[in-house]
Number of protein chains: 4
Amino acid sequence: MLVVMKHNASEAAIDAVVDAIQDMGYGARPIPGGQRTAVGLIGNDGRVDKARLEGMEGVLECISVTQPYKQVSREWREENTLVRLPNGTVIGGREIVLMAGPCAVESEEQILTAARQVRAAGATVLRGGAFKPRTSPYSFQGLGEDGLKLLAKAREETGMAIITEAIDPEGVDLVAEYADVIQIGARNMQNYPLLRRAGQTGKPVLLKRGMSATITEFLLAAEYILAEGNDDVILCERGVRSFDTHTRNLLDLTAIPVVKGLSHLPIVADPSHGTGLRSKVVPMGRAAVAAGADGLIVEVHPDPTRALSDGAQSLYPEQFTELVEQTRVIAQAIGRELHPGLARAGAGQG
Amino acid sequence: MLVVMKHNASEAAIDAVVDAIQDMGYGARPIPGGQRTAVGLIGNDGRVDKARLEGMEGVLECISVTQPYKQVSREWREENTLVRLPNGTVIGGREIVLMAGPCAVESEEQILTAARQVRAAGATVLRGGAFKPRTSPYSFQGLGEDGLKLLAKAREETGMAIITEAIDPEGVDLVAEYADVIQIGARNMQNYPLLRRAGQTGKPVLLKRGMSATITEFLLAAEYILAEGNDDVILCERGVRSFDTHTRNLLDLTAIPVVKGLSHLPIVADPSHGTGLRSKVVPMGRAAVAAGADGLIVEVHPDPTRALSDGAQSLYPEQFTELVEQTRVIAQAIGRELHPGLARAGAGQG
Amino acid sequence: MLVVMKHNASEAAIDAVVDAIQDMGYGARPIPGGQRTAVGLIGNDGRVDKARLEGMEGVLECISVTQPYKQVSREWREENTLVRLPNGTVIGGREIVLMAGPCAVESEEQILTAARQVRAAGATVLRGGAFKPRTSPYSFQGLGEDGLKLLAKAREETGMAIITEAIDPEGVDLVAEYADVIQIGARNMQNYPLLRRAGQTGKPVLLKRGMSATITEFLLAAEYILAEGNDDVILCERGVRSFDTHTRNLLDLTAIPVVKGLSHLPIVADPSHGTGLRSKVVPMGRAAVAAGADGLIVEVHPDPTRALSDGAQSLYPEQFTELVEQTRVIAQAIGRELHPGLARAGAGQG
Amino acid sequence: MLVVMKHNASEAAIDAVVDAIQDMGYGARPIPGGQRTAVGLIGNDGRVDKARLEGMEGVLECISVTQPYKQVSREWREENTLVRLPNGTVIGGREIVLMAGPCAVESEEQILTAARQVRAAGATVLRGGAFKPRTSPYSFQGLGEDGLKLLAKAREETGMAIITEAIDPEGVDLVAEYADVIQIGARNMQNYPLLRRAGQTGKPVLLKRGMSATITEFLLAAEYILAEGNDDVILCERGVRSFDTHTRNLLDLTAIPVVKGLSHLPIVADPSHGTGLRSKVVPMGRAAVAAGADGLIVEVHPDPTRALSDGAQSLYPEQFTELVEQTRVIAQAIGRELHPGLARAGAGQG
């Protein structure tokens, strides 16, 4: 860390900063400049709280040179992390993975139909919420454990892996019993007790970026999971808050190559929540893959106009098929390829 | 709700929208206009999910005319809600209330010293975190229950009411055992299981606005607490995410009169997190009261340069005293007054 | 427009709104609802100023149902506008067009070298600033008319069309003398005298989206140009302001399909300013085409480390070639194709 | 400036950075750290373009330690700049100054009535637009020079100083002929030819912060005016773009103490554009003064419901009087006072 002093900071102020740094157990090295002095903090292990120094007399600002995260960084581990699911799907490698399904599990017929449709199109992971965090307390909140059981049934029938959301620390173990991947939603990106508990299950975790999380905060949230000894984290860009009301969120696709540069973890995109508009999901799904995403997670519903939640952003099954076909070509343009899907592999054998 | 059709929407598309609305159990009334038709949804009780309609053929957009929240709204209850604490402090009335103390409870000496200092200056509520949600897993996470016990000791000695944060549903009951007000932090504003559990305790809850929450989302989060039968909610503006890096957050003081217009709940401001800079806390604390806040929650530390967290935004005790004196005059300018404080009232009798 | 009344608005207040609307020359139709009344304004020609109504007694809000822009909208003209340049390049059709070159014209050697390089790779339009709007008055401000002359020389030699920026109304005619496309920069998106003057030249105009412009404001800015009788407007998404500092701007690729839905005008993307980072330009350029952009405008410099401005976001020529090759495949994935370029067509023999 | 290298940057990469810095005419000093090396750039005069360095091999990021602006900074001049108007109003001193009047000049009766009303309440500067930059080309664009003449008439009659907006470089001289203060609107904050020309007039300039301008960009825009030898610049906070639609803009009052810390220039607030809602103007005007603003610029219209622009945010004259009275008390709370006004001082007998 670099503590930049004001240009008129006194010697005493500079000495006080040096003392404070040493008092915290680090080395301090004053660096005089043309206009002002800076004090370098040597030996930062990522735990330094710059707030303490920032408030001191004569300090202009503290600049982090060391990244605050550790295990998630590419400097910690250079090769890509590969997250392997029980049905053979690998996320983070050369193949691009498709996760699809309805926003919420609504009924056996709905989830089974959806599963068959998206599997036929090429998806290998089935999404569907059993516990739904909803902005209003009066909206549909999900089927709970019954929803988890229906997902398990869909897995048994189709061979797809299952991803579903956990919304509180107490519920994580229940979700982990059924799911192949535990999803942490955007609203819970900084719900640290939930992150820890999800990390402790040892199951792969898909972590969605918070509504207005910086990339550093996003990686630090993932660090909570890795700090529990669980490296199987899949990051997910799903749009950030914006001033424009034409779309629900502003899908920040540049985050994908930025994260790829900073971290070894795989990252997928969610163009459904990222746009909130069915007609924009296909172009933005394509764009995400072109930008380097390791996969897509997409809402597809057998009958979107009757969906109990997020119907307006759910694709019709035939739109999903179109997306898959276009994505296949785009993957090749960048030297990757689409996961061949379970259908071809003769999967679905439970 | 008003479903606005595209200007070239077919009769069939309009009929389909009417059918869908009726299918959802509401009345539908087409309103032909010069350029396009709109369909009014009659009888909306706040539970209509516009997503389903938005995705339909020929629909341009759905416009909410009815507010999505209910019990928090001023249309539901016209007079201000008054939140009464055991030590006589009332939040939401004519008097402006001061809550102050360190970011985190660090030791008995620290919290007792801080309590005496802020009480002497005029505060009647003591803040201090025992459970700290931190961006990095490697930062100080709070003293836990030991911190709660120290807060209780400070209450016993000074007569101040205690506000402290709960960070997970499982921990709410423990916090409620000690605290007079349960604080829900910005990162947890949409942690619905936590909101519900806090609501169930029956204790007053101070709910901080999320980092990028709209005012509607903020009020809907409060609605989760009221929906549990707990009306004692204090809202707190603490800054939103911004593109400028000069301050930690962008304190949105206009939210104060806006919330006052929409809701009967009291609202206070947190200029410490709202700016992240000690030197800006006093001016912004004054400004918040001038804008109509029902109180302030301010970080004050006996020795900010040694604080274990957020030292850079903690006031020195003498700065807090200055803020209190200036606030006293400002309160009068707008026909209110500062709570006289416990010192004058001969309080602190446990 | 729909004027939504508060639920307790008096009859007198509703009547006053009706009167005000009629006084403005429009029809008014009260629409009673379950909880509140709304008043529809009939015959809105896009000129209604809602501010007047919004401030009236008993009014909750005014909701625009009619879009405020006219000639730019797809409801005004259904087929795509094709912007044709003298060298045969057509923007807005099936072919994707590449515009490339240095941020600023620096010298004859630099611009000629750059022109040859990007033409060889497949670009048909040469970019290069002669007048540079710079955040600091102390930064390099461009070569002025000398820069324009060098661009003309490059056109003569290579057959490329020329795009360059005008920064004030007085300078537009000079720029129009040399350029095939007049560029209006993001900082000037709402510089209305400049927009009008650019419109009056009759030359094609490339209009960049402002730093924090909504899509509606973006289209309204284009409307200023069309209102002068000039339909040859190319829109350009170049990133909006964001809270994250990892990239210079947040490239809003979803704006591309959104604009395509609302307007008949072509839209291209600028991944160079949109990211500000050389290593992100190629992935985001690919993504823009996958999202449906009609072209790319990219900074390429023969020797980026010696560039006088924006060197950090300029591609090396070989990176641009890589982008072109990948884009060619992506175009096919979505049923389009890359403009074959001047090299192949044997053009530009000057 | 500090050039931070990646932790695995090669010696050659570090040497290349040192060479590039020296090639630019500055000194370079490598600073080895525990995890990575940084290279200090010595002698930065604010003209260094970090883009060139940022794109180099092995560079992680460039951190500006020196502020990019010069003459506007408090390090350049320590005492507050006082801007003196012909009618004796001084902005930037102990007294808080009130500027008020309608959004646009509409007629002789309207502007004279408004002038008398706001003067009686305590304002000493009359605002009113003759040239209006409007988002839509179809909205009222102002009376032009006729409006300027009416403003001059109002000055003659009331003794108030006149502030009005210039929207293009060619029109600045005309505006300067009539106005005591030239206003540069938010949309034109980075219209550099306009800033230069306004600077050249030698007249005081009120510069509004751009819609999403950082404070650094805001100060750099002011630097353009000072660089022309004109120190009489008044900054104006008028709200920034936000994700919440309850208000037109997000009034960033913290910018006031931040700017006061960084610059010697006076800063006022515009709560009318800052909120866009009449009912929020009074509380936010009070709050701005409490935060340390040197004055307010407020829209007041004799009959807001008939205003040709921005009626919804214009105060009724009696509301303005209320604001003045409350502001008077608040000014005292912070050791300042309200300018006594022309009425009391017997001025403006013109």
Side-chain angles (χ1 to χ4, degrees), chain B residues 64 209 211-219 239-262 269 271 274-293 322-323 325-335, chain D residues 64 67 209 211-219 239-262 269 271 274-277 279-293 322-323 325-335:
Chain B
S64 297
R209 181 178 180 186
M211 198 70 97
S212 62
T214 62
I215 288 171
T216 297
E217 290 168 344
F218 191 17
L219 294 177
V240 292
R241 189 114 258 176
S242 156
F243 53 83
D244 197 277
T245 55
H246 274 93
T247 50
R248 184 166 162 181
N249 293 297
L250 200 174
L251 191 62
D252 177 12
L253 291 182
T254 314
I256 294 170
V258 170
V259 163
K260 286 296 218 187
L262 297 171
T275 65
L277 296 169
R278 182 183 302 138
S279 65
K280 310 310 173 214
V281 173
V282 172
M284 299 317 291
R286 295 186 315 234
V289 170
E322 181 200 358
L323 170 59
E325 291 318 313
Q326 294 181 333
T327 300
R328 194 182 310 285
V329 182
I330 292 172
Q332 288 160 2
I334 55 172
Chain D
S64 298
Q67 291 158 333
R209 181 178 180 186
M211 198 71 96
S212 63
T214 62
I215 287 171
T216 298
E217 290 168 343
F218 191 18
L219 293 177
V240 293
R241 188 117 260 174
S242 158
F243 52 83
D244 197 277
T245 55
H246 274 93
T247 51
R248 183 166 163 181
N249 294 296
L250 200 174
L251 190 63
D252 177 13
L253 291 182
T254 314
I256 294 170
V258 170
V259 163
K260 286 296 217 187
L262 297 172
T275 64
L277 295 169
S279 64
K280 310 309 173 214
V281 172
V282 173
M284 299 317 290
R286 294 186 316 233
V289 171
E322 181 201 358
L323 170 60
E325 291 318 312
Q326 294 181 333
T327 300
R328 194 182 311 282
V329 182
I330 292 172
Q332 288 160 2
I334 55 172

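Chain identifiers are assigned alphabetically (A, B, ...) following the order of the sequence lines, protein sequences preceding nucleic acid strands; residue numbering begins at 1 within each chain. The figures that follow rest on heavy atoms only: side chains count, while hydrogens, waters and symmetry mates do not.
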Measure [X] against the heavy atoms of chain B and call it side chain, backbone, both or neither at under 4.5 Å.
| X | value |
| --- | --- |
| D/Ile256 | neither |
| D/Leu250 | side chain |
| D/Thr254 | both |
| D/Ala213 | backbone |
| D/Ser279 | neither |
| D/Val289 | neither |

ask   = When heavy-atom pairs shorter than 4.5 Å are enumerated against chain D, which of B/Lys260, B/Arg241, B/Met284 gives the highest number?
value = B/Met284
request  = Among the options B/Lys280, B/Gln332, B/Glu217, pick out the one with the most heavy-atom pairs lying under 4.5 Å from chain D.
outcome  = B/Lys280
key: Among the listed options D/Thr327, D/Ile334, D/Leu262, the residue most often paired with chain B at heavy-atom distances under 4.5 Å   = D/Ile334
request  = Look at D/Ile215, D/Leu253, D/Thr245 and state which one has the largest set of heavy-atom pairs under 4.5 Å with chain B.
outcome  = D/Ile215
Least distance between heavy atoms, B/Arg286 atom then D/Gly292 atom = NH2-N, 4.3 Å
task = Provide the closest heavy-atom pair for B/Ala290 versus D/Ala290 in the form atom of the first, atom of the second, distance.
result = CB-CB, 3.9 Å
message = Counting only non-hydrogen atoms closer than 4.5 Å, does B/Ser212 touch chain D with its backbone (N, CA, C, O), its side chain (CB onward), both, or neither?
response = both
remark   = From the list D/Asp244, D/Thr275, D/Thr247, side-chain contact (heavy atoms from CB on, under 4.5 Å) partner of B/Val258 resolves to D/Thr247
query = Quick one: are D/Thr214 and B/His246 in side-chain contact, heavy atoms under 4.5 Å?
reply = no
